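Reviewing the structure listed below.
Just so it is clear, the model here is predicted, and its values are computed rather than measured.
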Amino acid sequence: MVVGDVTTGTELLVIGGGPGGYVAAIRGAQLGLDTTLVERDAYGGTCLNHGCIPSKALISASDVAHDARQAESMGVFADPAVDMAGMTEWKDGVVTRLTRGVESLCKNAGVNLVEGTAEFVDDGTVRVAHGGDGQGSESLSFEHAIVATGSRPMAVPGFEFDGEHILSSKDALALESVPEKLLVVGAGYIGMELSTVFAKLGAEVTVVEMLEDVLPGYEDDIAAVVRDRAEELGIDFNFGEAADNWEETDEGIRVQTVDEDEAVTEYNAEKCLVAVGREPVTDTLALDNIDLQTDENGVIPTDDQCRTAFESVFAVGDVAGEPMLAHKAMAEGEVAARAAAGEPAAFDHQAIPAAVFTDPEIATVGMTESEAEAAGFEPVIGQMPVRANGRALTVNEKEGFVRVVADADEEFLLGAQIVGPEASELIAELGLGIEMGARLEDIAGTIHTHPTLSEAVHEAAAAARGEAVHTR
């Protein structure tokens, strides 16, 4: 049966069911708005289906196998077998549980769910094309719309994703066997996370990167800890090289790279993972129909209420620009929904934490020392090495540090950088401290549980005040 193009109305239309979209939809419905969420793929978006959750599931599973093999110093001897297909099935189960949970939360909140791809007809109407032959389309009129269509992996010219030889991060997370040889193009956070996963699962991993080190944007001493650990895992790095072209071989593929002197290097691999960044998804929206412009990076400009150039249209998450983080998208979704409901709301924050789930983890919030200086502060630094923390040693971790940055005069906390075990969890205390205007004495004067990794945060704050006990 062909479904005709019918028109229905909604007060709040949300396009995209990822972290920013589903949070906006649920909050909008809770605030009394008749809310409709349009999603073309799967609820939860890239984060739950092809990004944050599945990657962290595989990171955890690969850590189990690796840690078991490396536990001889603790008196544990094991050689676990890895069933990649079984690991992928377990990962998919985690994803399914969470995506179904999102769908259930939306329904329980009273959100109307529509499957399909939405494009603007004008600044008060979208047309939703339903997937599948003969499914037709429908039109939705709205009072307010929130665009939350997310982002997708960027391709390198000549290295278009085919899911067989040239893999996106989504493709890599769906593999049911471990490649014997894996070439990774890009040493940013996605490339480093997945390189570590497959190295721990037994792949021979080579990484090529155009820049001169891993993790561009992070301080050198942080990148060095992660790079050194990756090299211990057997990952081979080649910096200053750009992927140029590739060809299929009997064993897999052969990739050529070029450096700034146009010297060519060839790499043989079974598969090539391209992880050079992500770009906003806006080409499905027909933005020209409402004359809504994106910037040179494809980002939709917004104000502090997440409004676009049109009073009735908002944008949240990756389409609204950096940082492309799920928790930032969720916060923006809350703001946009409240603004659409007529409540006072603004995206007002002191700092947004970020985490990289490498080995060891990285987490940052607020300013670095150099950023604090550039902002006119006279920063004071306190640092605690992981190897001096008792709890870290009991979990067989020795590398990394906790560093806090504060204003020397008033001792207000300005930022923090952590590289070490559970960094993604430890950063929350420091993020809260920045938002609350905490001083070093507030953290140093708070009793932290012993023995825990969080004691390193306490000690770093004390060190910044010249009161360290457990560090020199």
Side-chain angles (χ1 to χ4, degrees), residues 41-42 44-69 79-99 151-156 158-209 230 233-237 243 246-255 267-278 356-359:
D41 185 12
T46 293
C47 178
L48 265 65
N49 291 277
H50 312 298
C52 311
I53 297 302
S55 65
K56 277 56 188 180
L58 289 188
I59 287 169
S60 296
S62 64
D63 282 347
V64 171
H66 175 73
D67 291 347
R69 294 191 185 102
D79 185 17
V82 173
D83 176 7
M84 188 63 188
M87 188 179 292
T88 299
E89 182 180 1
W90 168 76
K91 176 262 297 179
D92 290 344
V94 173
V95 169
T96 298
R97 180 174 180 177
L98 290 173
T99 55
S151 64
R152 62 189 166 215
M154 294 174 60
V156 172
F159 285 74
E160 287 70 28
F161 304 119
D162 61 15
E164 180 181 359
H165 299 103
I166 308 300
L167 309 179
S168 67
S169 55
K170 175 182 176 181
D171 299 325
L173 291 169
L175 290 176
E176 294 191 353
S177 62
V178 178
E180 187 173 326
K181 290 186 177 181
L182 177 66
L183 178 70
V184 178
V185 177
Y189 74 95
I190 296 175
M192 289 302 297
E193 286 182 356
L194 294 179
S195 294
T196 302
V197 165
F198 286 101
K200 288 183 175 181
L201 294 177
E204 182 181 323
V205 179
T206 300
V207 178
V208 296
E209 165 60 51
L233 292 172
I235 298 175
D236 182 32
F237 292 99
W246 68 279
E247 61 182 0
E248 189 175 350
T249 66
D250 292 339
E251 290 76 28
I253 58 174
R254 181 179 296 112
V255 175
Y267 299 93
N268 292 307
E270 183 179 337
K271 296 182 183 295
C272 175
L273 165 63
V274 176
V276 295
R278 299 184 64 83
V356 183
F357 293 82
T358 45
D359 183 2

Could you walk me through whether Asp41 and Asn49 pass the side chain to side chain contact (heavy atoms under 4.5 Å, CB included) test, one step at a time? CA-CA 10 Å; Asp41 185 12; Asn49 291 277; 5.7 Å; no

Go through the steps to decide whether Asp171 and Lys271 satisfy the test side chain to side chain contact (heavy atoms under 4.5 Å, CB included), and finish with yes or no. CA-CA 11 Å; Asp171 299 325; Lys271 296 182 183 295; over 6 Å; no

Test side chain to side chain contact (heavy atoms under 4.5 Å, CB included) on Met87 and Val64 and set out the steps. CA-CA 11 Å; Met87 188 179 292; Val64 171; over 6 Å; no

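Other residues, nucleotides and ligands place more than 12 heavy atoms under 6.0 Å from the NZ atom of Lys56.
Of the inter-residue distances, the one linking Leu58 atom CG with Ser60 atom OG reads 9.0 Å to the nearest 0.5 angstrom. Rounding to the nearest 0.5 Å places CD of Glu248 at 10.0 Å from CD1 of Ile166. In this structure, the separation between CG on Leu173 and CD on Glu193 is 9.5 Å, given to the nearest 0.5 Å. Distance check: Leu175 CG to Glu270 CD gives 9.0 Å after rounding to the nearest 0.5 Å. For the atom pair OG of Ser195 and CD1 of Ile235, the computed distance is 5.0 Å after rounding to the nearest 0.5 Å. Interatomic distance, Glu89 CD to Met84 CE, rounded to the nearest 0.5 Å: 12.5 Å.
For the pair Thr46/Arg278, a side-chain contact is recorded, criterion being any heavy-atom separation below 4.5 Å from C-beta on. Counting heavy atoms from C-beta outward, Leu273 and Leu194 have side chains that approach closer than 4.5 Å. The shortest side-chain heavy-atom distance between Val274 and Pro153 does not fall under the 4.5 Å cut-off. Side-chain atoms of Arg69 and Asp79, non-hydrogen and from C-beta on, do get closer than 4.5 Å to each other.
The two residues Ala57 and Trp90 make their nearest non-hydrogen contact at O-CZ3, 3.3 Å. In plain terms, the two heavy atoms of Ser168 and Phe161 that are nearest each other are N-CD2, 3.4 Å. Pairing each heavy atom of Ala230 with each of Met192, the nearest pair is CB-CE, 4.1 Å. Here the closest non-hydrogen pair linking Cys272 and Ile253 is CB-CD1, 3.4 Å. Of all the heavy atoms in Val207 and Gly186, the pair that sits closest is CG1-O, 3.9 Å.
Not one N or O on the side chain of Lys170 forms a donor-acceptor pair closer than 3.5 Å with the backbone of Gly51.
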Cut-off 3.5 Å, no hydrogens considered: what does the side-chain donor-acceptor table look like for residues 198-206, sequence neighbours left out?
{"unit_1": "Lys200", "atom_1": "NZ", "unit_2": "Asp63", "atom_2": "OD1", "d": "2.5"}
{"unit_1": "Lys200", "atom_1": "NZ", "unit_2": "Asp359", "atom_2": "OD2", "d": "2.8"}

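Note on residues 165-190: pairs passing ring pair (Phe, Tyr, Trp, His ring centres under 6.0 Å), not counting sequence neighbours, are His165-Trp246.
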